[in-house]
Amino acid sequence: MRIVALRALGLGDLLTAVPALRALREAGEVVIAAPRALAPLVALTGCEQVGATALAPLPPEAHHADLLVNLHGRGPQSHRVALAARPAELVAFAHPDVPETAGMSPWHADEHEVARWCRLLREGAGLRADPSCLDLPVPRLAPDLRAADGATVVHPGAASGARRWPATRFAAVAAAERAAGRRVVLTGAPAERPLALAVARRAQLPDDAVLAGRTDLQALAAVVGHAARVVCGDTGVAHLATALRVPSVVLFGPTSPDRWGPPPDRERHRVLWAGRTGDPHAAQPHPGLLQIEPDDVLAQLAGLPT
């Protein structure tokens, strides 16, 4: 059976869908419709890929599938994108504006993102999907990134200001890790390199500890996978740490970890959250995120498994 999985979103979105993708692979040949930038991680799932952009028409290679599963969202826009690809069968969440989804599984707003898609496959396609099957293989670490081997990875960036803990606080954590005798590296996208450099200088780390802007997605996964521990906000790197089984401390602001955090059975990971929700796309740090202090993070780091 030829299966297309629509998940044209970001890094964390792909990683939370891994258990669902594994269940689909047991049923047939799976092609993920996702952004091309995610190709290195798509390869780790064992699936094929066609390039796709959020809510844009799917390319011809994704048309006429035996089964198309909408892992993108609740609809209606993504449902219409999926139906326009004319699959023989669609599995999606029910939406009143899309008659073709009548009688399909209901959406639960408070459901964990991993469990959500596994439930969709169980209820919509009769497939056994295990939410605990999140693990991915660790990519090889390139020689020029050996500084990350056994290091503390500090990732100060996030896609929105609402989820971005202040640089001064990340610097305080990085400095404490350095003072404890641990090697520290800072990661991030090219646009986040100035932020990472500012954190490094305040923490009195050398510029060569800053890996931000030096890694593509596969190299970033390798850096995280070979680290001893990770400190980051609610962003894709947190999901990488979960998938690659690396102990982590994750700082949440406007979004509940009950929806996007490491699953509770993952004992290598700690979450910090003030219990306040808000707009995850806002420009300024969420007040709940600002309630978290460096000492709170350091206390959690002290309890991580080694």
Qualifying residue, where the test is side chain to side chain contact (heavy atoms under 4.5 Å, CB included) with Val153 and the options are Val185, Val184, Val246: Val185
Take Thr187 and Val223, measure what side chain to side chain contact (heavy atoms under 4.5 Å, CB included) needs, and give me the verdict at the end. CA-CA 9 Å; Thr187 56; Val223 165; 3.9 Å; yes
Measure from the side-chain N and O atoms of Arg270 to the backbone N and O of Ala299, and report whether any donor-acceptor pair falls under 3.5 Å. no
Over all heavy atoms of both residues, which pair between Ser105 and Gly124 is shortest? Give the atoms and the distance, please. OG-N, 4.1 Å
When you group the ILVMFWY residues by side-chain heavy-atom contacts below 4.5 Å and let the links chain together, are Leu195 and Leu251 in the same group? yes
Determine whether Thr45 and Arg25 satisfy the following criterion, side chain to side chain contact (heavy atoms under 4.5 Å, CB included), listing intermediate values before the conclusion. CA-CA 9 Å; Thr45 71; Arg25 282 187 61 208; 5.6 Å; no
Any donor and acceptor pair, going by atom type alone, linking the side chain of His63 with main-chain N or O of Leu58 inside 3.5 Å? yes
Flag the pair Phe170 / Leu186 as yes when at least one side-chain heavy-atom distance between them is below 4.5 Å, and no otherwise. no
Flag the pair Thr242 / Leu15 as yes when at least one side-chain heavy-atom distance between them is below 4.5 Å, and no otherwise. no
Please confirm whether the backbone N or O of Ala129 pairs with a side-chain atom of Arg122, one donor and one acceptor, at under 3.5 Å? yes
If we ignore hydrogens and angles and just use 3.5 Å, is the side chain of His112 paired with the main-chain N or O of Gly261 as donor and acceptor? yes
Can you tell if the side chain of Pro19 reaches within under 4.5 Å of the side chain of Leu134, non-hydrogen atoms only? yes
Non-hydrogen side-chain atoms of Val98 and Leu83 separated by less than 4.5 Å: yes
Flag yes if Leu38 and Trp260 sit in one hydrophobic cluster, no otherwise; membership is Ile, Leu, Val, Met, Phe, Trp, Tyr, and two members link when side-chain heavy atoms are under 4.5 Å apart. no
Shared ILVMFWY cluster between Val42 and Val69, side chains joined below 4.5 angstrom? yes
Any donor-acceptor pair under 3.5 Å linking the side chain of Arg202 with the backbone of Ala200? no
Any side-chain heavy atom of Asp110 sitting closer than 4.5 Å to one from Asp258? no
With a 4.0 Å cut-off, would you call Arg74 and Glu111 a salt bridge? no
Can you get from Leu120 to Leu68 by hopping between Ile, Leu, Val, Met, Phe, Trp and Tyr side chains that sit under 4.5 Å apart? no
If we ignore hydrogens and angles and just use 3.5 Å, is the side chain of Arg80 paired with the main-chain N or O of Leu55 as donor and acceptor? no
With heavy-atom distances below 4.5 Å as the criterion, would you say the side chains of Val250 and Pro257 are in contact? no
Starting at CG of Leu44, measure out to CG of Asp135 and round the result to the nearest 0.5 Å. 12.0 Å
Kindly say whether Ala17 contributes a backbone atom to a donor-acceptor pair with the side chain of Arg7 at under 3.5 angstrom? no
Please, which pairs that meet side chain to side chain donor-acceptor pair (under 3.5 Å) have at least one residue in residues 272-282, sequence neighbours excluded? Arg276-Gln291
How many angstroms lie between CE in Met1 and CD in Glu89, if you round to the nearest 0.5 Å? 7.5 Å
The reported gap from OG1 in Thr16 to CG in Leu9 (rounded to nearest 0.5 angstrom) is 8.5 Å
Can you list the steps and then say if Leu24 with Leu127 is a side chain to side chain contact (heavy atoms under 4.5 Å, CB included)? CA-CA 8 Å; Leu24 289 173; Leu127 298 178; 3.7 Å; yes
On a heavy-atom basis, which atom in His95 and which in Pro76 lie closest, and how many Å separate them? NE2-CD, 3.5 Å
Here's a test for you: under side chain to side chain contact (heavy atoms under 4.5 Å, CB included), which of Glu123, Met104, Arg116 qualifies with Phe93? Arg116
State yes or no: do Leu301 and Leu289 share one hydrophobic cluster built from I, L, V, M, F, W and Y residues joined by side-chain heavy-atom distances below 4.5 Å, directly or via other members? yes
So, Arg169 side chain and Leu290 main chain: donor-acceptor pair closer than 3.5 Å or not? yes
Taking every non-hydrogen atom, the tightest pair across Leu6 and Ser78: CD2-O, 3.9 Å
Is any side-chain heavy atom of Pro280 less than 4.5 Å from a side-chain heavy atom of Phe252? no
Within 6.0 Å of CZ in Arg268, more than 12 heavy atoms from elsewhere: no
Would you compute the distance between atom CG of Leu304 and atom CD of Gln300 and round it to the nearest 0.5 angstrom? 7.5 Å
So does Ile3 get a backbone contact from the side chain of Asp66, meaning a donor-acceptor N/O pair under 3.5 Å? no
Less than 4.5 Å apart, any side-chain heavy atom of Pro40 and any of Leu220? no
Of all the heavy-atom pairs spanning Ile292 and Leu272, show the shortest one and how long it is. CD1-O, 3.5 Å
Within this structure, what is the CD-CG distance for the pair Gln218 and Leu41, rounded to the nearest 0.5 Å? 8.5 Å
Quick check for you: to the nearest 0.5 Å, what is the distance between His155 atom NE2 and Glu192 atom CD? 5.0 Å
If we ignore angles and hydrogens, is there a donor and acceptor under 3.5 Å between the side chains of Arg266 and Ser248? no
Should we say atom CD of Glu293 is surrounded by more than 12 heavy atoms from elsewhere, each under 6.0 Å from it? yes
What one should report as the nearest heavy-atom pair of Ala5 and Leu71 is CB-CD1, 4.0 Å
Would Arg22 and Asp130 satisfy side chain to side chain contact (heavy atoms under 4.5 Å, CB included), going step by step from the backbone distance to the final call? CA-CA 9 Å; Arg22 285 212 163 97; Asp130 183 352; over 6 Å; no
Donor-acceptor under 3.5 Å (Gln49 side chain, Ala34 main chain): yes
Could you pull out the closest heavy-atom pair between Arg163 and Thr235, with the gap in Å? NH1-CA, 4.1 Å
